[in-house]
Amino acid sequence: MTKYIAIASGKGGVGKTTTSINLALALTNFGRDVILVDGNIHTPHIGIHLGSPLVPCSFHDVLAGDKKITEAIYLHPSGLRLIPGSIKLIEGINYEDIKKHIHSLNGHAEVVIIDCPPGFTDSLPILESSDETLLVVAPEISSVTDAIKTKVKAEELHSTVIGAIIVGSRKKDYEMSKESISSLLETPILSSIPFDEAVKKAQHLHHPVVYHAPFSASSTAYKELAGLLIGQGYDTNLKYKPS
Ligand SMILES: Nc1ncnc2c1ncn2[C@@H]1O[C@H](COP(=O)(O)OP(=O)(O)OP(=O)(O)O)[C@@H](O)[C@H]1O
Ligand SMILES: [Mg+2]
């Protein structure tokens with residue numbers, strides 16, 4: 001059975017795409033059969049992050065009714081399977097059929113990770129297509145209050161909110177604490193992905209940070225998160241690390 005997980009937020013720019021890519025690759029590296037879908041229809045960024053902004057068949061071509069979704073699956077050199085959007089303006093997108101197209105991936109993967117757009121309005125078809133929702137927040141009040149609305153909408157659409165992750169923490173006193181974020185969102189905090197220069201370097205090279213710098217702080221946190229989601233531990237005290 002294929003499980004669909006939406007990576008959602010309220011506020012934009014909090015790390016959804018970075019999380020979608022790296023969580024999908026970390027799960028792949030744990031041996032799970034994963035497909036990553038760019039569900040950010042208006043401003044798709046997965047192709048930009050991974051160096052394939054224009055592909056012969058994108059998720060937009062599928063939504064325009066020209067292609068089957070299985071024709072839009074690509075393999076990134078990191079081992080990640082993905083369905084990117086197109087940065088071109090493609091007319092004739094049928095938003096009502098998003099769920100139908102995404103669910104055509106049934107049986108083609110164990111886990112489908114879907115990167116949401118910012119805000120809950122544009123995310124509705126993705127939340128509706130997902131069994132579970134993982135909220136992404138920055139450790140600041142505007143991000144958390146906006147995420148509350150997305151959480152309410154996900155629950156209305158019967159997508160189970162499995163928890164939230166904090167992305168980009170610099171461990172400063174002025175940041176919201178894990179406890180306050182969890183209490184406002186009324187959901188557990190599954191991970192805190194630290195602010196990490198390695199994310200920026202990896203993005204510059206069009207690679208997931210889990211691939212480019214697997215022992216960086218952010219990669220370790222993404223691998224721990226993936227391990228948690230599949231009920232498998234990740235040992236951060238590995239004796240062997242490449243020099
Ligand atoms: N852990 C991190 N450390 C440092 N920079 C990060 C980290 N995570 C994400 N970023 C940076 O933050 C910026 C926004 O990240 P990302 O594109 O993943 O956010 P988003 O929520 O998907 O944005 P949008 O709402 O526009 O789709 C990017 O420049 C990315 O490189
Ligand atoms: Mg994004």
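Values below: every heavy atom of this structure, side chains too, minus hydrogens, waters and symmetry copies. Counting starts at 1 for both ligands and their atoms, following the listed order.
- The pair Lys172-Glu175 fails the salt-bridge criterion, with no side-chain N (NZ, NE, NH1 or NH2) lying under 4.0 Å from an Asp/Glu carboxylate O.
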Note down each nitrogen or oxygen pair, ligand 1 side and protein side, whose separation is under 3.5 Å; give only atom names and the distance to 0.1 Å.
from: ligand 1; atom 1: 1 (N); to: Pro194; atom 2: O; distance (Å): 2.9
from: ligand 1; atom 1: 3 (N); to: Asp196; atom 2: N; distance (Å): 2.9
from: ligand 1; atom 1: 3 (N); to: Asp196; atom 2: O; distance (Å): 3.4
from: ligand 1; atom 1: 17 (O); to: His49; atom 2: NE2; distance (Å): 3.3
from: ligand 1; atom 1: 18 (O); to: Thr17; atom 2: N; distance (Å): 3.3
from: ligand 1; atom 1: 18 (O); to: Thr18; atom 2: N; distance (Å): 2.8
from: ligand 1; atom 1: 18 (O); to: Thr18; atom 2: OG1; distance (Å): 2.6
from: ligand 1; atom 1: 19 (O); to: Gly15; atom 2: N; distance (Å): 3.0
from: ligand 1; atom 1: 21 (O); to: Gly13; atom 2: N; distance (Å): 3.4
from: ligand 1; atom 1: 21 (O); to: Val14; atom 2: N; distance (Å): 3.0
from: ligand 1; atom 1: 21 (O); to: Gly15; atom 2: N; distance (Å): 3.0
from: ligand 1; atom 1: 21 (O); to: Lys16; atom 2: N; distance (Å): 2.9
from: ligand 1; atom 1: 21 (O); to: Lys16; atom 2: NZ; distance (Å): 2.8
from: ligand 1; atom 1: 22 (O); to: Lys16; atom 2: N; distance (Å): 3.4
from: ligand 1; atom 1: 22 (O); to: Thr17; atom 2: N; distance (Å): 2.8
from: ligand 1; atom 1: 22 (O); to: Thr17; atom 2: OG1; distance (Å): 2.8
from: ligand 1; atom 1: 23 (O); to: Gly13; atom 2: N; distance (Å): 3.1
from: ligand 1; atom 1: 25 (O); to: Gly13; atom 2: N; distance (Å): 2.9
from: ligand 1; atom 1: 25 (O); to: Lys16; atom 2: NZ; distance (Å): 2.7
from: ligand 1; atom 1: 29 (O); to: Lys200; atom 2: NZ; distance (Å): 3.1
from: ligand 1; atom 1: 31 (O); to: Gln203; atom 2: OE1; distance (Å): 2.3

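- In this structure, His207 has its ring center closer than 6.0 angstrom to the ring center of His76.
- With contacts defined as side-chain heavy-atom distances shorter than 4.5 Å, the pair Ile5/Val111 qualifies.
- For His103, the ring-ring contact (aromatic ring centres under 6.0 Å, His included) partners two or more places apart in sequence, or in a different chain, are Tyr4.
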Legend entry - Worked verdict on Thr133 versus Ser130 for side chain to side chain donor-acceptor pair (under 3.5 Å): CA-CA 7 Å; Thr133 294; Ser130 302; 5.3 Å; no

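- Near the Mg ion (ligand 2), less than 2.8 Å away, sit the protein N, O or S atoms Thr17 OG1.
- Between Tyr95 and His42, the ring centre distance stays below 6.0 Å.
- Scanning for ring-ring contact (aromatic ring centres under 6.0 Å, His included) contacts around Phe30 gives an empty result, with sequence neighbours left out.
- Taking the charged nitrogens against the carboxylate oxygens, Lys3 and Glu132 do have a contact shorter than 4.0 Å, which makes a salt bridge.
- Remark: the Ser20 side chain and the Thr17 side chain contain no N/O donor-acceptor pair separated by less than 3.5 Å.
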